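Written out below as structure tokens is the structure these notes cover.
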Amino acid sequence: MAIVITILLPLAAAAFLLLMDSRAPASRARWWALVATMLTCAVSLGLASQFVSTVNSVLPKRGIIEPRLEVHHTWMTVGETPAGEPIHLEIYLGVDGISTAMILLTTLLCISAVLVSWTAVQERAAEFYAALLVLEAGLIGVFCAFDILLFYVFFEFTLIPLFFLVGIWGGPLRRYAAGKFFIYTLAGSLITLLGLISMVGMTMQAVPTLTTPFSMPALADALATHPLPAEVQGSLFLAIAAGFLVKVPLFPFHTWLPLAHVEAPTAGSVLLAGVLLKLGSYGFLRLCLPMLPAGCAAVGMPLIAVLSVIGIIYGSLCALAQNDIKKLVAYSSVAHLGFCMLGMFALNIEGITGGVLQMINHGLSTGALFCLVGMFYERYHTRMLSDLGGLATKLPRLGVMMVFIAFASIGLPGLNGFVGEVLALAGMFKVQSPYLNGMTYAALGAMGVVLGAWYLLGVLQKAFFGPLQEPVHDDHAEPILDLNAREMLAITPLALMCLYLGLFPQTLIDLIQPDINGVLQASAAQAQAVAEQVAALSR
Amino acid sequence: MFSTLLNQILSDSTGQPFGSLQLFGPELTLSAGIVLMLLARLCGIDRRLPTHWIALWMTFIAFSLGVFQFVEFSRSDLGTVEYFSGLMVFDRFSALFRLGLLLFLIFTITLTVISGIPDRDDAPDFYSLLMGASVGMLLMGGANHLLMLFLGVEMSSVPSYAMVGFLKGRKASSEAALKFVVYGAGAAGVMLYGISLIAGLLGTAEFPQIAIQLQTLFAGESAALSNPAIRLLMLGILMLLVGFAFKLSVVPFHFWTPDVFQGASAEVGGFLSVASKSAAFVLLVRTVLAFVTPASSADLGQIYLTLGLGIGVIAAITATFGNLAAYSQTNMKRLLAYSTIAHSGYMLMAIAALIVLRAGLEPGSTGYDDRCARAVEGLLYYLAVYFFMNLGAFAITALIRNETFSEEIEDYAGLGFQAPILAIGMGMCLFSLVGLPPLGGFVGKLFIFAAVYDSGFVHPLMWGILAIGGLNTVFSLFYYIRVMKTMYLQERPATARALRVPAWSYSGAFVLILTLPLLLPLGTAVQLVSGVAKRAAMSLFAGL
């Protein structure tokens with residue numbers, strides 16, 4: 001039940017905001033939105049604790065994907081299986097460790113997103129917060145969906161509110177950015193849909209008794225005993241990966257991202273970087289690794305490793321060349337998600353754990369960075385590095401926060417970024433596959449850490465230290481003040497989480513470990529099934 | 001003598017006296033409504049009682065009759081009932097279509113009342129034409145004879161010509177009507193020629209007889225294309241298909257569509273785009289099933305398979321052309337016309353899948369009827385969704401025109417905030433037309449594409465057509481989203497007249513009623529609608 005409430009609560013709040021009298025002051029919408037996001041966060045915390053308490057109940061046998069707290073409801077029946085049973089599409093919601101972590105991240109970032117747009121959004125505030133809440137509901141839905149079609153529905157649905165967030169409340173190029181982002185990601189994910197449906201169709205041919213082939217756990221279990229041929233897995237992987245590659249985004253599919261980030265309002269950037277990009281890597285983790293392990297090993301690992309390493313280095317170099325801080329952070333996202341994907345496609349326990357940690361860590365630190373960029377943009381109406389200098393003396397609180405978050409993002413030991421990057425690189429380092437030499441890629445990836453330190457420290461040095469330099473602004477009469485309580489409230493939880501996860505990463509690792517083990521089971525089970533088939537044939 | 005003849009004509013195939021008239025009740029009610037409206041003007045009653053009340057009430061009575069028949073028929077175990085001595089057929093399929101069409105007519109009349117398109121003097125004429133065309137479409141839905149097919153097509157077309165030209169003062173409207181008439185007359189002529197060829201060759205024009213006649217005609221003879229009789233038959237079928245292609249505005253018979261839709265008022269456009277298309281699709285399904293039967297010989301099956309693949313290719317071309325041509329449009333009605341062409345293409349893919357499955361699968365193989373029925377079910381589901389999303393788009397175009405006096409897309413700038421209910425409704429319709437989840441269009445496309453995917457096991461070319469269909473979804477996104485961008489991302493010019501359309505007005509409520517069903521796939525409604533569609537589709541196959 002808690003799951004349904006977590007999804008419906010933001011939706012209901014959004015409907016309420018839209019139906020509110022349009023002449024009501026904007027502050028009322030803000031407060032309602034804040035209350036709604038906080039309530040959602042509280043419910044998601046309850047959900048998490050409920051989940052943790054169910055984990056201890058020992059299962060006789062763990063499936064490859066094992067959601068708890070499930071909600072099943074037949075959505076529609078489409079056609080028939082080869083055995084003549086109707087195929088059930090379900091409204092199948094649930095959570096496992098990974099999705100619990102992602103839901104907590106989403107609900108936490110949404111509070112910050114509401115707080116940072118407090119004064120930045122003056123026009124059409126009710127609509128703005130409604131779109132934000134709808135987006136939150138969609139994101140939570142993606143993480144809760146365990147039916148492939150339902151997953152896809154939520155996955156696409158998130159585009160609509162974000163399209164409006166970027167297109168209405170964005171920067172000068174917002175219309176172009178919104179259109180490009182929408183069409184780019186939708187085109188990719190349609191290929192994903194075709195791939196997913198073909199995967200399900202082929203599984204159904206192989207396992208005629210499967211009546212819920214769209215349910216992820218059932219599909220993964222069926223494929224574990226009846227794996228698809230390796231070359232089929234490879235081509236299916238390519239099709240399914242299309243949408244996720246765009247979403248992550250990996251080089252060369254990243255071109256929509258800097259544009260969308262720069263043009264989006266602060267809250268949009270926070271959620272875009274913090275959660276939306278993770279939908280891609282989450283999709284890989286849910287739909288590629290457990291279902292198509294042979295395809296991932298043969299096609300995915302070499303392809304993704306190359307693209308991630310290029311993304312890490314190219315993204316970092318691009319970030320280094322930027323004058324606009326927001327664009328710099330956007331390119332740093334490309335690099336950071338390169339680490340995430342590099343780890344995930346090491347296809348071993350260290351790598352995947354590192355990848356998932358990196359998903360959470362990047363969400364926290366980049367979300368916070370975008371918040372901070374938004375805060376000083378609101379003060380100076382510029383984000384150009386060349387206009388700024390020595391702000392730490394004038395705005396000490398902003399300076400401290402910026403330094404702290406930048407260090408977390410660089411991956412300083414003791415802060416969260418470090419753990420994820422180290423595990424991801426360690427996982428890649430261990431890879432001994434006929435398709436690629438893991439050590440080389442890990443070494444190349446590690447260069448990205450150095451580059452990351454370079455560009456982020458460059459920002460700190462130029463904008464926050466050295467002689468004070470402020471942009472000329474004559475229309476701006478009111479004095480420039482340091483962060484106020486609201487802004488501190490927006491940024492502090494994120495900073496605290498960065499510190500906590502840096503010091504005690506085991507909390508998070510314990511939460512996600514069983515699910516990663518499950519994913520790894522899949523490849524072992526499929527390999528065993530193939531070996532049995534070969535043995536049976538030779539006999 | 002005369003009374004025996006009358007009895008024979010009026011009893012249905014179950015032998016019930018006057019059964020035909022009962023089954024024909026809704027059509028008779030509509031016809032009575034037409035007479036009433038014209039008489040009311042004669043006596044001057046229309047001065048006191050607005051004509052649209054008569055139209056609305058008579059349609060409502062017809063709809064209730066339809067519901068009653070549908071429920072009654074669902075309870076009985078009758079598969080199909082033929083009436084009017086075999087000219088018409090009544091089964092769940094036609095009963096469902098009839099319900100949908102009458103409901104659509106109620107919506108259309110309500111829309112015209114809200115938007116006030118026929119003025120008081122013209123109302124009797126307009127509603128007579130509207131209801132007359134609907135009677136023709138109902139005939140198309142129940143046709144069981146090639147002659148009724150032609151009669152239905154003509155009876156629905158002729159009033160449509162007049163409705164298109166109904167905006168009498170406007171040149172564009174008259175031009176559109178003229179184009180429509182010329183094209184329509186040409187297509188009807190070709191179709192009639194095809195019908196006479198087929199009837200002459202087979203010696204029958206009754207649908208159930210066609211398959212039997214084909215069998216006896218080619219018994220012991222090769223049914224390959226070298227046989228001149230087969231060539232004649234194919235010529236007839238192709239000519240028949242030309243008539244359908246005109247009705248469905250399938251490339252290359254689509255040229256009339258953009259001009260007609262732009263010239264006609266949006267209300268008429270919506271009616272033509274949904275009602276006329278769905279009637280033609282329903283009739284096409286019946287015709288296809290009359291010709292392509294499990295009993296077809298192997299040679300003939302091969303020809304049908306080729307024909308089905310050809311239709312699939314044409315469907316893919318139609319969808320692609322419609323979507324690409326829509327991209328550069330600046331007029332909303334013209335854009336919707338091209339989108340209508342594209343959607344005809346999608347739906348034609350289901351027909352192609354039906355033919356390919358029916359002709360290519362081994363008759364009697366497991367799930368033979370089921371797999372064919374699923375293509376029809378997908379088509380019916382799509383039509384049900386199309387009802388709401390396309391009528392919604394046209395209705396909102398009409399309501400916006402009433403406020404801003406413009407149908408140009410650029411004049412929609414900033415409507416998102418001035419008329420939120422219209423803009424949100426339009427957004428839902430357009431996103432649903434794209435096929436974006438979680439809206440109804442997504443599920444509809446899913447059903448159709450599932451059938452096409454299934455037919456790919458018969459011939460892999462269908463998978464290519466499926467891929468083109470998927471690609472088209474991306475093409476279509478560009479132009480639909482342009483409308484949304486104009487409404488939401490552009491400011492309304494300061495000189496433009498401010499408009500207020502509150503949610504709690506007739507227009508607002510109408511838009512809400514039309515667009516909310518698009519959200520229903522979130523719940524259990526998919527199951528409900530697809531179940532009804534499935535039973536209706538199965539009833540076509542049970543008797544064969």
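Residue numbers begin at 1 in each chain, while the letters A, B, ... track the order of the sequences. Keep in mind the model is a prediction, meaning the values are calculated, not measured. Heavy atoms only: backbone and side chains are in, while hydrogens, waters and symmetry mates are out.
Your options are B/Asp454, B/Val434, B/Leu446, and the one with the most heavy-atom pairs under 4.5 Å with chain A is B/Leu446. For chain A, the option among B/Gln490, B/Arg371, B/Met484 with the highest count of heavy-atom pairs below 4.5 Å is B/Gln490.
Between B/Asp369 and B/Arg358 there is a salt bridge, with a side-chain nitrogen of the basic residue lying less than 4.0 Å from a carboxylate oxygen of the acidic one. A salt bridge links B/Glu491 with A/Arg124: the closest approach of a Lys/Arg side-chain nitrogen to an acidic carboxylate oxygen falls below 4.0 angstrom.
Under 3.5 Å, the side chains of B/Tyr479 and B/Ser339 contain no donor-acceptor pair of N or O atoms.
Proximity to chain A involves both the backbone and the side chain of B/Tyr488, based on heavy atoms less than 4.5 angstrom apart. Contact of A/Leu159 with chain B is not made at all, since no heavy-atom distance falls under 4.5 Å. Contact annotation for A/Phe155: neither backbone nor side-chain heavy atoms come within less than 4.5 Å of a heavy atom of chain B. Neither the backbone nor the side chain of A/Ile191 has a heavy atom closer than 4.5 Å to any heavy atom of chain B. Within the 4.5 angstrom heavy-atom criterion, no atom of A/Leu150 approaches chain B. For a residue to count as touching a neighbouring chain, one of its non-hydrogen atoms must lie under 4.5 Å from one of that chain's; by this rule A/Leu190 touches chain B with the side chain only.
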A/Ser215 vs A/Asp147, side-chain hydrogen bond (donor to acceptor under 3.5 Å, both in side chains): CA-CA, chis, key distance, verdict: CA-CA 4 Å; A/Ser215 136; A/Asp147 182 275; over 6 Å; no
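Close placement of the B/Phe457 and B/Tyr453 rings is indicated, their centers lying within 6.0 Å of each other. Ring centers of A/Phe16 and A/Trp32: under 6.0 Å apart, within the cut-off.
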